Structure formats: structure tokens, C-alpha cells
Amino acid sequence: MKNIIPSVKGTRDFYPREMAIRTWLYDKIRQVSESYGYQEYEGPLLETVELYAAKSGEELVKEQSFVFPDRSGNLITLRPELTPTLVRMVAQRQGQLAFPLRWWSFGPFWRYERPQKGRSREFFQWNIDLIGEASPEADAEIVAVMASFFEATGLTPTEVAILVNNRRLMDRELGKIGLTEAQRPEAFRLIDRRDKLTPEEWCDYALELGLSPRQFDQLLALLENLELWKGSEELARFFEVIAALGVDDYVKYDPQIIRGLDYYTGTVYEGRATTPRLRRALSGGGRYDNLLADVGGDPLPGTGYAMGDVVITLLLEDTDNLPKDLDVSPAPVLVTVFDESLLLASYKLAADLRAAGLNASCYPAPAKLSKQFKYADRIGARLALVLGPDEKSQGQVTVKNLLAGDQSIIPQEEAPALIGKILACKKPS
RNA sequence: GCGGAUGUAGCUCAAUGGCAGAGCGUCGCACUGUGGAUGCGAAUGUUGCGGGUUCGACCCCCGUCGUCCGCCCCA
């Protein structure tokens, strides 16, 4: 392989096989989202840097985004997340939209990070949000959509879990053990990082924040307390609704879930793979009640999450839940070209088939039939048609079933109807 | 941004510092009107790139780029 210009670092090429998987995933997402009454939308892939500068995490826009000047010197960002765009779109038409708003989207995003397993610089992300409803029911519904997606793709509660916590609850509990309001955001960060540090490092970090040894012990106890949610009316109601929606197998309380983004205000949740081979975050989100007001809209509560395509696809592959029969050959019929003098007749036959609504391709040039049959086999065609001198003189065409190996000769004018009938029979598999 | 591996034919990988190979795939033929099987044959390389050491480098050293695996961060 020489002199081939390399692809941009961290991007992926979707060959037909991978593209079929991506389309399959998109279809699943659409199916689940729409089953709950959510509408598809899409925003621009390019945004001004200002849109993210206001909120998001500092690091997300400063260090992890693709930002570059356009020809007039304005700084353009390849979107690293969708929520700011969503919030803008809602704020712009706040008076015209019907609330509560249920919207979903699936599209590309970019983050300037070091690529590795489960992470690329260009990825696809499912976003789904419920805006205009502040109740725990709204959070529960959104979490139920996530659970339904797992269920629809064959992932079981032993393979994935949705961990839930509530920032208001944690804020209150931190207050109870004597942390000042100024200390609490840092304490959130501390909790968020617990899994990423050794117990010693974590303890040092805690003491650095000014926690007393007694407070440290109290914090530890807090994070071990799986009953903590019972002290939150919001979460108590949330779990009731989750049970009513029939997805409680997937949803668990976890006092350690905090989430990194600064704009979350209430219930937060995270979909995790729990299989030993792949213990990673699949999706994450939460309630953001101040975001609309922050960008200049009237106050509106919202809740929603995002799921990237990379890790979920890895997990689905790992758990053997990717479909095996993805059809990468849209044209089940290949018309062969016998020789130069019959090329146009073959082209016309293929056109007749297409006019009848069948997907058909025609070999583009005369070639040995063995070569054309081999090609038909390679592209996964089910039928190969031969229009040679014998057939032509009789007004007929040979139809060979490539799976069964048998063939028959049929009148050419009946070919579209008969072939349609053959293809309508279930695929022998 | 930090650490560790790795880079040889289209793919998967061999080759102790001494002629750069195999399997699979591709192409051709057996089979000038029929694919998936079989047999025979053929093509394919600046060993990522640039330096260095050496009589001699795929092999050792330095640099660089890509990829992979961790960390950071996140989806």
C-alpha cells in the first residue's frame, strides 16, 4: 500500500458491512425513541465556539473540541455535544413549540482526544431529551427509554445497568455533614473521581479539599449507603415510576454517580456495561433545569442523555447481539452480459426489472460467464439472469437461483412478474 | 498531554545480523453458455518513513509518523 493519503486520525471508514451495522443501530434507536413518542430532529454540525464557552465543561470546549477559524476569521467548532444546540433551538422557538417536548437525534460529533479502543475522534451519538417537565416522572421516562433500548438490542440486566443518583439529594447530604456550599461542587468532583484514583490518592484529595477525618468517614458512609435514595422524595417517586414502566431490572441506585458536566441539577444517570470484559460507560445524562434560562430563554426544565455508537457497538459485538444476517447486497438480481451484441438487451432487461420495482444490477461489460457468475456470488445476488443468443431468439431469459443452484427458462416479457414472485418467497437460509 | 507495545504482500503472520517467505485472498487455466468445490499455474514488497552502526540491517541504535493498549477525560 503505497502513496495512499491516510485518513484523518481518529476517524473511521464505514465499509458496507460496518455501514450496515451503523444503519441497524440507527434503526433500533429510531424504533425505541418513536415507541415513546419522541420526534427526530437535527442541528448543524458546525457551531460557534461561543455556544459552548458559556456552559459545558471547561475542558470539553477548551481541550477536546475541534475549533478552527473560517475564511473570515470566526471561530467555528465541530460540535462536541448536542445539548447546547438543542437548548438554543428550543429557546429560539420557545413560544411556538408544544411542551413537553420529546425529541431525539442521531448524528456525528467530534472530540479531539487520543483514539483508543471504544473511543474515536469522530463518533455518532444518540441524544434524547424531554423538555418542559420537571417531575421525577420525566426522568423515569427517559431512563426507561434507555432501558428499552438495551432490551431491544438483546442486552440483559446482567450485562448492563443504569445507575441513578440525584445531585440535589447529594448536595443536601453533603450539607448535613458540614460541607459549605463552596466546598460542595469540589466534593462532587471528588465523588466522581473515586473509581479513578487509588484509595490513598482519593483520601489525600479529600483532605486537600479541607474535609476533616470525621467528615471523610461520613462521606465514605454516604457512598456506601444504597438506601440513601429513600431520603429523596424525587428519587422515591422516580423508582416507583420505573417499576410501573416495567424496567426496574435495569435500574439501580448508586450514590457515587455524579456526572462530570456542570449543568446537571437533579437526577443523573449512567448506562454501564457490567460484563467483566468491558466495564465501561455506555451512556449518560441527567436533569438540567437551568440551561434554557442560561442561554436567554424563559426557564424550562429538561432531562436527557447521550449514547455514543462506539462502545455500545463493541458491547453488542462482545455479547453476540449484533445481527448476523445483515444484507449488504441491495440488488438480489444480477443480469449478465453475454457479449457485445447483447449488452444493450441485458441493460434493457435490467431496466424492465427496475421499472417493475425490483432491485437489479447489470454486469457492466461483456465477460466470460464464469467470471460474471462468480461476481454475482461475491456480491450476494440471489438470482443471475442469462440473456444469450438462444434465449434472445426465443424471447426468453434464463434465471439461475444461486442459492439452490437450479435454473429455468422463462418468457422475457413475464420476467419482471415471475422474478418478483421468486424473490417474494422467503429467503432460504 | 503522560506511559507501554507495535509496524514485513490485499489480509493474518513467519524469517538467530547473511538469497524476504507461508497460509488465505486475487488473477489465469482445466471449464471458449454458468458461481460457491477441486487441481495446476501466475502476479504481488522502497520490510511505515528518515538517519546511524556494520563487510552486510526486516533484525541493533536514534528520530519521526501511523496503529493498538493503558492513564487523563469522556460517549
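In what follows, every chain begins at residue 1, and chains take the letters A, B, ... in the order their sequences are listed. Keep in mind that what you see is a predicted model, and the values were worked out from it rather than measured.
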Exercise for review: Test A:Glu40 against A:Trp104 for side-chain hydrogen bond (donor to acceptor under 3.5 Å, both in side chains), laying out the working first.
Suggested key: CA-CA 5 Å; A:Glu40 188 175 13; A:Trp104 71 278; 5.2 Å; no
Point to revise | Distance-only polar pair, side chains of A:Thr303 and A:Asp139, donor-acceptor under 3.5 Å | key: yes
Check your understanding: Contact class for A:Ser120 vs. all strands (heavy atom < 4.0 Å): base, sugar-phosphate, or nothing?
Key -> base
Review point. Taking atom C1' in both B:rG10 and B:rA5, what distance in whole Å separates the two?
Key: 25 Å
Study note, to complete from the structure: Atom CZ of A:Arg121 and atom C1' of B:rG66 are separated, to the nearest Å, by 12 Å
Review point. Rounded to whole angstrom units, what separation is found between the CZ atom of A:Phe109 and the P atom of B:rC74?
Key: 17 Å
Review point. If you look at every strand shown and take non-hydrogen atoms under 4.0 Å, does A:Arg259 touch a base, only sugar-phosphate, or nothing?
Key: sugar-phosphate
Review point. So, A:Phe123 and B:rA75: ring centres less than 5.5 Å apart, planes less than 30° off, yes or no?
Key: yes
Review point. Residues two or more places apart in sequence or in another chain: which of them pass side chain to side chain donor-acceptor pair (under 3.5 Å) with A:Tyr305?
Key: none
Exercise for review: Classify the nucleic acid contact of A:Ala376 as base, sugar-phosphate or nothing, counting any heavy atom under 4.0 Å across all strands shown.
Suggested key: nothing
Review point. In chain order, what residues pass the side-chain contact (heavy atoms from CB on, under 4.5 Å) check against A:Arg88, with sequence neighbours excluded?
Key: A:Pro44, A:Glu47, A:Leu51, A:Thr85, A:Gln92
Exercise for review: For B:rU53 versus B:rG17, give the span between their C1' atoms, rounded off to a whole number of Å.
Suggested key: 12 Å
**Study point:** Shortest non-hydrogen contact between A:Pro100 and A:Leu130, atoms and distance
**Key:** CB-CD2, 3.7 Å
Result block: side-chain N/O donor-acceptor pairs under 3.5 angstrom for residues 384-400 of chain A, not counting sequence neighbours:
residue	atom	partner	partner atom	Å
A:Glu391	OE1	A:Gly388	N	3.0
A:Glu391	OE2	A:Thr398	OG1	2.5
A:Ser393	OG	A:Pro389	O	3.3
A:Ser393	OG	A:Asp390	O	2.8

**Study point:** Comparing A:Ala404 and A:Arg378 on RNA chain B - which has the more 5′ nearest nucleotide
**Key:** A:Arg378
Point to revise | Partner residues of A:Asn321 under the side-chain contact (heavy atoms from CB on, under 4.5 Å) criterion, sequence neighbours left out | key: A:Leu155, A:Glu159, A:Leu316, A:Thr319
Exercise for review: For B:rG39 and B:rG4, measure between their C1' atoms and round to the nearest Å.
Suggested key: 48 Å
Below 3.5 Å between N/O atoms, which protein atoms pair up with nucleotides 1-3 of chain B? Just atom names and distances, please.
residue	atom	partner	partner atom	Å
B:rC2	N4	A:Arg114	NH1	2.7

Check your understanding: Expressed in angstrom and rounded to an integer, what is the separation of A:Lys374 atom NZ from B:rU38 atom P?
Key -> 11 Å
Study note, to complete from the structure: Those residues at least two apart in sequence (or on a different chain) that pass ring pair (Phe, Tyr, Trp, His ring centres under 6.0 Å) with A:Phe123 are none
Check your understanding: Hey, what's the ring geometry for A:Tyr253 with A:Phe239, parallel, tilted or perpendicular (30° and 60° as the breaks)?
Key -> perpendicular
Point to revise | Rounded interatomic separation in angstrom, taking CD1 from A:Ile258 and P from B:rC73 | key: 15 Å
Practice item. Can you tell me, in whole Å, how much space there is between the P of B:rG48 and that of B:rU6? Key: 13 Å
**Study point:** Partners passing ring pair (Phe, Tyr, Trp, His ring centres under 6.0 Å) against A:Tyr347 (at least two apart in sequence or in another chain)
**Key:** none
Check your understanding: Rounding to the closest angstrom, what is the interatomic distance between B:rA20 and B:rC2 at atom P?
Key -> 39 Å
Practice item. Could you work out the separation of B:rU47 and B:rC19 based on their C1' atoms and round it to a whole Å? Key: 15 Å
Check your understanding: Hey, does A:Ile312 reach any base, or is it just sugar-phosphate, or nothing, if we go heavy atoms under 4.0 Å?
Key -> nothing
Practice item. List for me each residue that meets ring pair (Phe, Tyr, Trp, His ring centres under 6.0 Å) alongside A:Phe338, sequence neighbours excluded, and say none if there are none. Key: none
Review point. Between atom CD in A:Glu81 and atom C1' in B:rC73, what is the gap in whole Å?
Key: 14 Å
Check your understanding: Which residues satisfy the ring pair (Phe, Tyr, Trp, His ring centres under 6.0 Å) test with A:Tyr375, sequence neighbours excluded?
Key -> A:Tyr363
Shorter than 3.5 Å, N or O on both sides, protein versus nucleotides 31-34 of chain B: list them out with atom names.
residue	atom	partner	partner atom	Å
B:rG33	O6	A:Asp390	N	3.0
B:rG33	O6	A:Asp390	OD1	3.1
B:rG33	O6	A:Asp390	OD2	2.6
B:rG33	N1	A:Glu391	OE1	2.8
B:rG33	N1	A:Glu391	OE2	3.2
B:rG33	N2	A:Glu391	OE1	3.4
B:rG33	N2	A:Glu391	OE2	2.3
B:rU34	O2	A:Lys400	NZ	3.2
B:rU34	O2	A:Gln407	OE1	3.3
B:rU34	N3	A:Gln407	OE1	2.8
B:rU34	O4	A:Gln407	NE2	3.1

**Study point:** Paired and unpaired positions of RNA chain B as dot-bracket, Watson-Crick or G-U wobble under 3.5 Å, | denoting a partner strand
**Key:** (((((((..((((....[..)))).(((((.......))))).....(((((..]....))))))))))))....
Check your understanding: Of A:Thr11 and A:Arg280, whose nearest nucleotide on RNA chain B comes first from the 5' end?
Key -> A:Thr11
**Study point:** Between P of B:rG66 and CZ of A:Arg12, the distance in whole Å
**Key:** 19 Å
**Study point:** side-chain contact (heavy atoms from CB on, under 4.5 Å) partners of A:Ala381, counting only residues at least two apart
**Key:** A:Leu334, A:Ala376, A:Ile379, A:Leu402
**Study point:** Between B:rA15 and B:rG7 - C1' atom distance, rounded Å
**Key:** 16 Å
Point to revise | Interatomic distance at C1', B:rG25 relative to B:rC62, whole Å | key: 38 Å
Revision key, fill the gap. In whole angstroms, the gap separating C1' of B:rA75 from OH of A:Tyr264 amounts to 10 Å
Review point. Looking only at N and O atoms, is any donor in the side chain of A:Asp377 or the base of B:rG35 less than 3.5 Å from an acceptor on the other one?
Key: yes
Check your understanding: Please give, in whole Å, the distance from B:rC72 C1' to A:Tyr205 OH?
Key -> 13 Å
